[in-house]
Each structure stands twice: as C-alpha cells, then as structure tokens.
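Chain A is the first sequence line, chain B the second, and so forth, proteins listed ahead of strands; every chain is numbered from 1.
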Amino acid sequence: MLAGMLTAFGLDYFLLVFLSAIGILQIVGAYRCRRGLLFFKRTTSYILGIGVLLVSFIWFFGSQPRNIPDTSAGLDGNQQAILFCLGSIAALIATLTVSSFLNWSVLKEEEQITGLDALNRNTYARVMLKGMKSRWRHYIKLMKEFLSG
Amino acid sequence: MASLVMFGLWFSSKVGDSSGINQMAVLNAIGALAIANMMVDWLINSFYFRPRPFINHEVNLLFYEPTDSSFPSNPAAVSFAVATGIFYWNKPIGIILYCLAVIFSISRVYGGVSYPFDAFGGAMLGVTSGAVVTVAIVKFQTIPQFVIKIARSLHLG
C-alpha cells in the first residue's frame, strides 16, 4: 500500500491536499479573526487562502490527466484517506510554524486562554511555550511542597 | 472536497464558543463515513455484485472503468454519510454538503459508472449510517468529548 502511494500521482495528490489545506486554514483564520493562524493581515490572508486553494486545484487537474484507475497508477480510497491525513497534518504544522515565525514580534497576548481562542491574539509557539512554562512552575511548586513535607 | 470542508470546519468555531459543536460535527462525519464505507465494502459487496452500466450497455463513459460492484454507489454513500453527520450539528454547512453529495451522485450516473438506483441506494445507506452515528454520538458523548478535550489542550480545538 505504501509503495502505491509513493508514485508521482500520490505525491501530486499529497501536494494538492497540503496546499489546499493551507488555503483553507488561511480562509478560516481570516474569517474567525484568529491572527495566530494567519501569515499576513486579515484581508491579505483571505486573498492568499482563496488564491492558494484555486491554484492548487487548477494545477492538479489542469497539469495532467487525473482520471487514472486505482488498478494501474491511481490511488484507491484507503491510500487517498492516508494521504489526505498526512497532507492536512503537514499543512497544519507548516501553517502554525510559519505564522509563529512571521507574527512572533507582533502578537503578544499575555492572558491565558484555552482552546483555539488562544490563537486570536497570540502565536501558536508562544501559546505552547507559555503553557509549558506554567506547567513547569506547577511541577516545581508541587516538588517543593513535597520536599518541605 | 467534503474532507476539506470538514478540515476547515474543525478550525472555524466562533470566538468564545467552547461547546465544540463544529468539532462534534467533524467527528460525527468521520464516524459516519467509516461506517458507510465498511457497510458498502465489507458487507454488501461481499455477497452481492452488480455489473457496471458500461458492461451491459453502450454508455458515454467519462470515468475510468471501476472493477468493483455498481450497487450501492460507494461515493454516494460516503458523501451522504458526511453530509448527514454534519447536518445535525451545523445546518448551513450540512445543506451545502447535501447539495455537493447530490451533484456528486448525479455525476457518477452521468459519467456512466453507476445506475441511478445505485446512487439512490448509496445515498440511502449514507443517510442511514449518518443518522445511526449521530444518535450514537448524541447518546454517548464521552469519546468525542475526550478527543475534543485533547485538541483543546493543544489549542487545536
């Protein structure tokens, strides 16, 4: 199954999912004002997201014939599902990494917020670092309490 | 296309909304999709085989020639299962997905790879599995809530 996915068609499909998932994340982030998901300002990210989504589909279906049976060089349903999961996870990691890097000095919300709302005015890297710091402080406090009896 | 909608829906909860309704919709759709796919592939196709329309009729074939059974249409079952799974939690997106599922099912018939009744059977199967999974999720929310809790702790839900 793995060998079947590592074909030119499989890699193209992975790239389609990767790019379109990045586009979707930019559109959703812009729509819900989650600056921690965006690469640029809201309007620019909207346009970028729609552009990436359209270009990825036009490239995939326009560059080569894609009506290929899964019995030859195509992908069956299971392979498509695996590649979709891998592509969307890769897109999520790439989006969070790039947006954290680009917005590191801009977004500095100090308030501790849970869930996706933490990304409204903060970068993912900063939110995770803050969470790890507070957990570390909690463990140190527990340790001190334990050692002092 | 439906998978991309589900991916976007996961991250599109309203600001301040901690109910996790969109995440529940996505988990519901994933469960419905899996059940519909298993029903078609493992259950029905293992004891019933219907040849594709292009085998017995002269059709204007627009897709490649699939080798599996024509009834029920697996793409119709899966797309309707996803739409039904989403519809309970998010009506507007559910309606959009139902429209996509109808277009998708008609395209299978128009493309010459399914009979109309195959698409209809697939749609019924998809709606049924979507409804069953929805009832199960509404009744036993522990597992999806646990998944959402993990996602929330990682700021991804």
Visitor: Start with the C-alpha gap between Y124(A) and L156(B), add the side-chain angles, then the distance that decides, and say whether side-chain contact (heavy atoms from CB on, under 4.5 Å) holds.
Guide: CA-CA 9 Å; Y124(A) 189 75; L156(B) 296 174; 4.0 Å; yes

Visitor: Determine whether F11(B) and I24(A) satisfy the following criterion, side-chain contact (heavy atoms from CB on, under 4.5 Å), listing intermediate values before the conclusion.
Guide: CA-CA 10 Å; F11(B) 294 97; I24(A) 288 282; over 6 Å; no

Visitor: Which atoms of L96(A) are under 4.5 Å from chain B, going by heavy atoms: the side chain, the backbone, both sets, or neither?
Guide: side chain

Visitor: Can you say whether I148(B) sits under 4.5 Å from chain A via the side chain, the backbone, both, or neither, judging by heavy atoms?
Guide: neither

Visitor: What distance separates D76(A) CG from D41(B) CG, expressed to the nearest 0.5 Å?
Guide: 9.5 Å

Visitor: Looking at C33(A), G36(A), P69(A), S20(A), which makes the most heavy-atom pairs under 4.5 Å with chain B?
Guide: P69(A)

Visitor: Measuring from atom CZ of R32(A) to atom OG of S13(B), what distance do you get when rounded to the nearest 0.5 angstrom?
Guide: 7.5 Å

Visitor: I need the W10(B) CH2 to S88(A) OG distance, nearest 0.5 Å.
Guide: 12.0 Å

Visitor: State, to 0.1 Å, how close I113(A) and H155(B) come at their nearest heavy-atom pair, and which atoms those are.
Guide: O-CE1, 3.4 Å

Visitor: Under a single-linkage definition using a 4.5 Å side-chain heavy-atom cutoff for Ile, Leu, Val, Met, Phe, Trp and Tyr, are F71(B) and F63(B) assigned to the same hydrophobic cluster?
Guide: no

Visitor: Is there side-chain contact between T67(B) and D70(A), with heavy atoms separated by less than 4.5 Å?
Guide: no

Visitor: Are there more than 12 heavy atoms of other residues, nucleotides or ligands under 6.0 Å from atom CD of E145(A)?
Guide: yes

Visitor: When you group the ILVMFWY residues by side-chain heavy-atom contacts below 4.5 Å and let the links chain together, are L83(A) and L19(A) in the same group?
Guide: yes

Visitor: Report which part of N67(A) has an atom under 4.5 Å of a heavy atom belonging to chain B: side chain, backbone, both, or neither.
Guide: both

Visitor: Can you tell me which portion of K14(B) sits under 4.5 Å from chain A's heavy atoms? Options are side chain, backbone, both or neither.
Guide: both

Visitor: Which region of Y31(A), side chain (C-beta onward) or backbone (N, CA, C, O), has a non-hydrogen atom less than 4.5 Å from a non-hydrogen atom of chain B, or is it both or neither?
Guide: neither

Visitor: Is it the backbone or the side chain of L116(A) that comes under 4.5 Å from a heavy atom of chain B, or both, or neither?
Guide: both

Visitor: Does some side-chain heavy atom of F84(A) sit less than 4.5 Å from a side-chain heavy atom of L4(B)?
Guide: yes

Visitor: I'd like to verify something: which residue of V17(A), I27(A), L119(A), I68(A) has the highest number of heavy-atom pairs under 4.5 Å with chain B?
Guide: I68(A)

